[in-house]
Enquirer: 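Below are the structure tokens for one structure; questions will follow.
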Amino acid sequence: MRELMPTLERWRNQQKRIALATVVRIYGSAPLPLGSKMAISSAGEMAGSVSGGCVESAVVQEALEALRSGRPKLLTYGIADEVAQSVGLACGGVIEVFVEPLPEV
Amino acid sequence: MAGTDASIYRQFEEAVRKGRLVAMATALTGPTIGAKMLLWPDGRSEGSLGEPTLDAVARERAAQVFASLRPERLTVETAGGPVELFLDVQPPPPRLWIVGAVHIAAALVTYARTLGFYTIVIDPRTAFAAPERFPHADELVTRWPDAVFAEVGLDESACVVVLTHDEKIDNPALAMALRSPARYIGALGSRRTHAKRAAALKALGLEDAQIARIHAPIGLDIGARRPEEIALAIMAEIVAVMNGKIE
């Protein structure tokens, strides 16, 4: 989380809104530990990671949607999930990611 | 995020930025999805997950999360059905104390921050410890390092790197670090310099076993020559020690 702070500050200075994605469950092997975070700006930029690159682009789309709707969302990615098959989680595990819009500070 | 949750989130971010231990509970499902409760190690909490059972469970599990420093996922049975709860914990980062605001230190701060360390550069010489040279350090302190160490106390997670080449600055700092439980202590200099330093530390009352804790010559042997390479060798050595690969 701490490592994302300079980026969050920069985005806020640029008047961008921010969504945060957090890994909130892991089944089997997953590339990053529970609690790993990625921040997404309203311009579609990202910082940090939730899966080491496997599902990031899908999470960015969901984050932009969360910023539009203002509503958080619990997402599942993994081999059992059809979306995840197309997105792909290389290690074969399943992860749940919570995406939420951050307040404007 | 509702108004209260926004204020709680801001406090959470502030604590993380300052390297303070803090936890945050979030409702992942249910009617109050996204609601937050901030939890402190002393038992205080702020905000509400929107349901008394959820609040009670979050407060109850907080001690466990602060002990393990690992986040936790729970399913809580409430009057309105099961709700998924996430308890995030942000442990304070390990601290890297860099004595000597020299060129190697600037590169070392960059690597250390990337790896999640909180970096403090100390140098009593104001010409070296200029803010424009270290805009990326978490703290820049223009004081004598032994005085600073005596004041804050180095704990088991502290890493200390001594780089000034000035024994007036280096040796008292090392003596203080060697009397602490610091995880890593390294000092720049050749074998010959280190032999001289060891003798000086002995004269300051330190024993051979204590002096043997110093990593010197500092850094893993990667054939480093340029300051940036030496910084990389030092950082690699610290990571190896933190991961238990070397002592």
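Values below: all heavy atoms of this structure, side chains included; hydrogens, waters and symmetry mates excluded. Letters A, B, ... are given to chains in the order of the sequence lines, protein chains preceding strands, and every chain is numbered from 1.
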Enquirer: Evaluate the criterion side-chain contact (heavy atoms from CB on, under 4.5 Å) for residue pair A:Glu96 and B:Arg73; output intermediate values, then yes/no.
Expert: CA-CA 11 Å; A:Glu96 284 184 13; B:Arg73 168 72 175 264; 2.8 Å; yes
Enquirer: Looking only at non-hydrogen atoms, find the nearest pair between A:Glu104 and B:Arg10 and report the distance.
Expert: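 Taking A:Glu104 first and B:Arg10 second, the nearest heavy atoms are O-NH1, 3.3 Å.
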Enquirer: Heavy atoms under 4.5 Å from chain A: which residues of residues 38-53 of chain B carry them?
Expert: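 Answer by number: none.
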Enquirer: Does atom CZ of B:Arg125 have more than 12 heavy-atom neighbours, drawn from other residues, nucleotides or ligands, at distances under 6.0 Å?
Expert: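 Result for CZ/B:Arg125: enclosed.
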Enquirer: Return the set of residues passing side-chain hydrogen bond (donor to acceptor under 3.5 Å, both in side chains) with A:Arg25 (not counting sequence neighbours), or none when no residue passes.
Expert: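 For A:Arg25 the side-chain hydrogen bond (donor to acceptor under 3.5 Å, both in side chains) partners, ignoring immediate neighbours, are A:Tyr27.
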Enquirer: Any idea which heavy atoms bring A:Leu74 and B:Leu28 closest together, and the distance?
Expert: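 Answer, listing the atom of A:Leu74 first, then B:Leu28: CB-O, 3.9 Å.
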Enquirer: Does CZ in B:Arg20 sit with more than 12 non-hydrogen atoms of other residues, nucleotides or ligands closer than 6.0 Å?
Expert: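 At most 12 heavy atoms, drawn from other residues, nucleotides or ligands, come within 6.0 Å of this atom.
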Enquirer: How long is the straight-line distance from CG of A:Leu34 back to CZ of B:Phe86, given to the nearest 0.5 Å?
Expert: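 Between B:Phe86 CZ and A:Leu34 CG, I get 4.0 Å after rounding to 0.5 Å.
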Enquirer: At their closest point, which heavy atom of B:Asp88 faces which heavy atom of A:Gly35, and how far apart are they?
Expert: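 Where B:Asp88 meets A:Gly35 most closely, the heavy atoms are OD1-CA, 4.4 Å.
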Enquirer: What part of A:Leu4 lies closer than 4.5 angstrom to a heavy atom of chain B: side chain, backbone, both or neither?
Expert: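 The answer is neither part of A:Leu4.
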Enquirer: A:Pro6 versus chain B, heavy atoms under 4.5 Å apart: side chain, backbone, both or neither?
Expert: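 Only the side chain of A:Pro6 comes within 4.5 Å of chain B.
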Enquirer: Looking only at heavy atoms, which of residues 108-123 of chain B get nearer than 4.5 Å to chain A?
Expert: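 Under the 4.5 Å heavy-atom cut-off, B:Arg113, B:Gly116, B:Phe117, B:Tyr118 qualify.
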Enquirer: Are any non-hydrogen side-chain atoms of A:Phe98 and B:Ile33 less than 4.5 angstrom apart?
Expert: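 Yes, side chains in contact.
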Enquirer: Can you tell which part of A:Val23 gets under 4.5 Å to a heavy atom of chain B, answering side chain, backbone, both or neither?
Expert: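 Backbone only.
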Enquirer: For B:Gly34 and A:Pro72, work out which heavy atoms get closest and say how close.
Expert: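 In this case the closest contact between B:Gly34 and A:Pro72 is CA-CG, 3.9 Å.
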Enquirer: Using heavy-atom distances under 4.5 Å, tell me whether B:Ala27 contacts chain A through its side chain, its backbone, both, or neither.
Expert: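 Contact with chain A is through the backbone of B:Ala27 alone.
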Enquirer: Against chain B, label A:Met5 side chain, backbone, both or neither, depending on which of its atoms sit under 4.5 Å from a heavy atom there.
Expert: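 The answer is the side chain of A:Met5.
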Enquirer: Tell me, yes or no, whether the heavy-atom count around A:Arg71 atom CZ, taken from other residues, nucleotides or ligands under 6.0 Å, exceeds 12.
Expert: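 No, because the 6.0 Å sphere around CZ of A:Arg71 holds 12 heavy atoms or fewer from other groups.
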Enquirer: What are the residues of residues 128-140 of chain B, in order of number, with any heavy atom under 4.5 angstrom from a heavy atom of chain A?
Expert: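 So far as heavy atoms go, B:Asp138 are the residues that approach chain A to under 4.5 Å.
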Enquirer: In the structure I gave you, are the side-chain heavy atoms of A:Glu100 and B:Lys36 within less than 4.5 Å of one another anywhere?
Expert: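 Yes. Closest side-chain heavy atoms under 4.5 Å.
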Enquirer: So that I can tick it off, tell me whether A:Lys37 and B:Glu13 are bridged by a salt bridge, with the cut-off set at under 4.0 angstrom between side-chain N and carboxylate O.
Expert: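 No, this pair does not count.
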